[in-house]
Amino acid sequence: MNNYRIETKCVQEGWKPANGQPRVLPIIQSTTYKYESADQMGRLFDLQESGYFYTRLANPTNDCVAAKLAALEGGIGAMLTSSGQAASFFSIINIVSEGQHVVCSSAIYGGTFNLFNSSLRKLGIDFTFVDPGCSEDELNAAFKDNTRAVFCETIANPSLHVSDIPMYAKCAHEHGVPLIVDNTFATPINCRPIEWGADIVIHSTSKYLDGHATQVGGAIVDSGNFDWNNGKFPELTTPDETYHGVVYTEHFGKAAYITKCTTHLMRDYGAIPAPQNSFLLNLGMETLHLRMKQHCSNALKVSQFLENNDNVSWVNYPGLASSKDYELAKKLMPNGTCGVVSFGVKGGRDAAVKFMDNLKLCAIVTHVADARTCVLHPASTTHRQLTDEQLQHGGISPDLIRLSVGIENADDIIEDIAQALNTL
Ligand SMILES: *Cc1c(COP(=O)(O)O)cnc(C)c1O
């Protein structure tokens, strides 16, 4: 399938039925799998043979959808998780332990920031958060001897900051550690971070990949490109006694990282998606290429309208020529960025609330990045745990309105926004 273009992969990758099998991906809603001999099952448990034995470790429906995502991102393997949060968590703890350190862009999703800055710190993992627009020197200065990973988002939620993935990758690799990129907002349609040097790509599949807000899920994709044999990653290069001494890099080669995710992390921590949810995710992914095009063209029209409206104090959309990240976005995402636009209304916080209350088509919801246009005020909802200082550090001003532009007709979206702005 490697020669097909990405639109074809969206539709055709993953489930490839043999003669007489169902045309559509089957939902294998079974926890267990039957074998003829205890001996064979024993070999599965020791990772000497591959096969399904318990859905927490692997499930055929989940695996097909993971394979589709790996193909879209250009990775060698992927694992689905029950949420994006689980994917972020696993992507780090697969290779970072107590007493070690991660360099992270400060422009990240609020839930990821809490996970890293609070929960993972309690587990003894240290983080240095760098300014998302930092120079190469500033980024290099954040590394320590015990740094084991670098983390950023292609387009940050909700600040929409675009990360200079090639620069992050260069610095990470110079320090012998992998770059992990959360590619939720760009999706592999608009950006494939592995092509720009990222080693691991993660997703909240709850957003554009699903696209219909029907399931919460996440994913980790392994590029297979990082060489773990530099002495910094003994969890991958020395025997895992819980699997009778398997050495992941020896047994699984380029797939060491993603194999450890499934065999070790899923076994011990759980967080597998229901096969039913993976089925829904797959349906969404079949139209990802069509939807992203419409999200991007609608968002550009909406952001251009906002830019020319007197009640709007500022607009941020990486696809706008006025955006500070426009050039970088054009380089990394020549076909478009995402459907999310942020802006502030004149009159600050109170005006923002009034504006939102007067919208009719655009709905107030916590979710983002699905087919229906929706709107959110992060400072009073998703990011309410953060102090004003932490908000500003993450590129979120208290008056920021996050507008997730859907795939309706752009004129209807603009007319709704215009009438709500006129009430101010
Ligand atoms: C939503 C989101 C997450 C968390 O994903 P869930 O599926 O809600 O757990 C992580 N990263 C980004 C960029 C997100 O937008």
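These values consider heavy atoms only, across backbone and side chains, with no hydrogens, waters or symmetry-generated copies.
The heavy-atom pair separating V405 from A299 by the smallest distance is CG1-N, 3.8 Å. Heavy atoms only, all atoms of each residue included: W196 and C191 are closest at CD1-SG, 4.1 Å. Contact record, L236 with A256: CD2-O, 3.8 Å, taken as the closest heavy-atom pair. Closest of all the heavy-atom pairs between A169 and A198 is CB-N, 4.4 Å. Closest approach of L72 to M285, counting heavy atoms only: CD1-CE, 3.9 Å.
Looking only at distances, a side-chain donor or acceptor of T262 sits under 3.5 Å from a matching main-chain atom of T259. With hydrogens and angles disregarded, a donor-acceptor distance shorter than 3.5 Å links the side chain of N146 to the backbone of G99. Proximity of a side-chain donor or acceptor of N62 to a complementary backbone N or O of P273 within less than 3.5 Å is detected. A donor-acceptor contact shorter than 3.5 Å is absent between the side chain of N282 and the backbone of S278. When atom types are taken as modelled, the side chain of N59 and the backbone of I28 share a donor-acceptor pair closer than 3.5 angstrom. Here the side chain of S204 pairs no donor or acceptor atom with the backbone of T184 at under 3.5 angstrom. The backbone N or O of S159 lies less than 3.5 Å from a partner atom in the side chain of N316, making a donor-acceptor pair. Proximity of a side-chain donor or acceptor of T128 to a complementary backbone N or O of V103 within less than 3.5 Å is not detected. In this structure a side-chain-to-backbone donor-acceptor pair under 3.5 Å is missing from E73 to I194.
With respect to K324 and E327, no salt bridge is recorded, no charged nitrogen being found less than 4.0 Å from a carboxylate O. In summary, K170 and E174 engage in a salt bridge, as defined by a charged side-chain N under 4.0 Å from a carboxylate O. A salt bridge does not link D240 to K260: none of the charged nitrogens lies less than 4.0 Å from a carboxylate oxygen. Salt-bridge formation is not detected for the pair K207/D370: no Lys NZ or Arg NE/NH1/NH2 atom is positioned less than 4.0 Å from an Asp or Glu carboxylate oxygen.
Residues S323 and D325 have side chains that never bring a donor and an acceptor to within less than 3.5 angstrom of each other. In this structure, a donor-acceptor pair under 3.5 Å is present between the side chains of D63 and Y52. Counting only N and O atoms by type, the side chains of T205 and Q215 include a donor and acceptor under 3.5 Å apart. Inspection of the S322 and Y317 side chains reveals no N or O donor paired with an N or O acceptor under 3.5 Å.
With sequence neighbours left out, the side-chain contact (heavy atoms from CB on, under 4.5 Å) criterion links D227 to N229. Taking the side-chain contact (heavy atoms from CB on, under 4.5 Å) definition, one finds that K232 meets it with R148, V177, N230, sequence neighbours left out.
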Trace of the side-chain contact (heavy atoms from CB on, under 4.5 Å) decision for S223 with V201: CA-CA 8 Å; S223 70; V201 174; over 6 Å; no
L179/C152 under side-chain contact (heavy atoms from CB on, under 4.5 Å): CA gap, chis, key distance, verdict: CA-CA 8 Å; L179 172 63; C152 67; 4.1 Å; yes
Step-by-step side-chain contact (heavy atoms from CB on, under 4.5 Å) determination, F305 to I413: CA-CA 11 Å; F305 163 81; I413 301 168; over 6 Å; no
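Ring-plane geometry between H264 and Y269 is classed as tilted, the angle between the planes lying from 30 to 60 degrees on a 0 to 90 degree scale. Between Y248 and Y243, the ring planes are perpendicular. Angles over 60° get that label, and only those under 30° would be called parallel.
Counting heavy atoms from C-beta on, the side chains of D182 and I108 never come closer than 4.5 Å. Between T373 and L361, every side-chain heavy-atom pair lies at or beyond the 4.5 Å cut-off. Under the 4.5 Å side-chain criterion, counting only non-hydrogen atoms from C-beta, P318 is not in contact with F185. Between F252 and I258 the shortest side-chain heavy-atom distance does not fall below 4.5 Å. Side-chain contact between V365 and L376: absent, with no pair of heavy atoms (C-beta onward) separated by less than 4.5 Å. The side-chain heavy atoms of H175 and T147, taken from C-beta on, include no pair separated by under 4.5 Å. Looking at H367 and S206, their side chains come closer than 4.5 Å, going by heavy atoms from C-beta outward. The shortest distance between side-chain heavy atoms of T112 and Q85 falls below 4.5 Å.
Around NE2 of H244, the count of heavy atoms belonging to other residues, nucleotides or ligands within 6.0 Å does not exceed 12. Within a 6.0 Å radius of NZ in K346, more than 12 heavy atoms belonging to other residues, nucleotides or ligands are found. Summarising the local packing, CD of Q21 is surrounded by more than 12 heavy atoms from other residues, nucleotides or ligands at distances under 6.0 Å.
Taking the ring centroids of F129 and F113, they lie under the 6.0 Å cut-off. Between F116 and F151, the ring centre distance stays below 6.0 Å.
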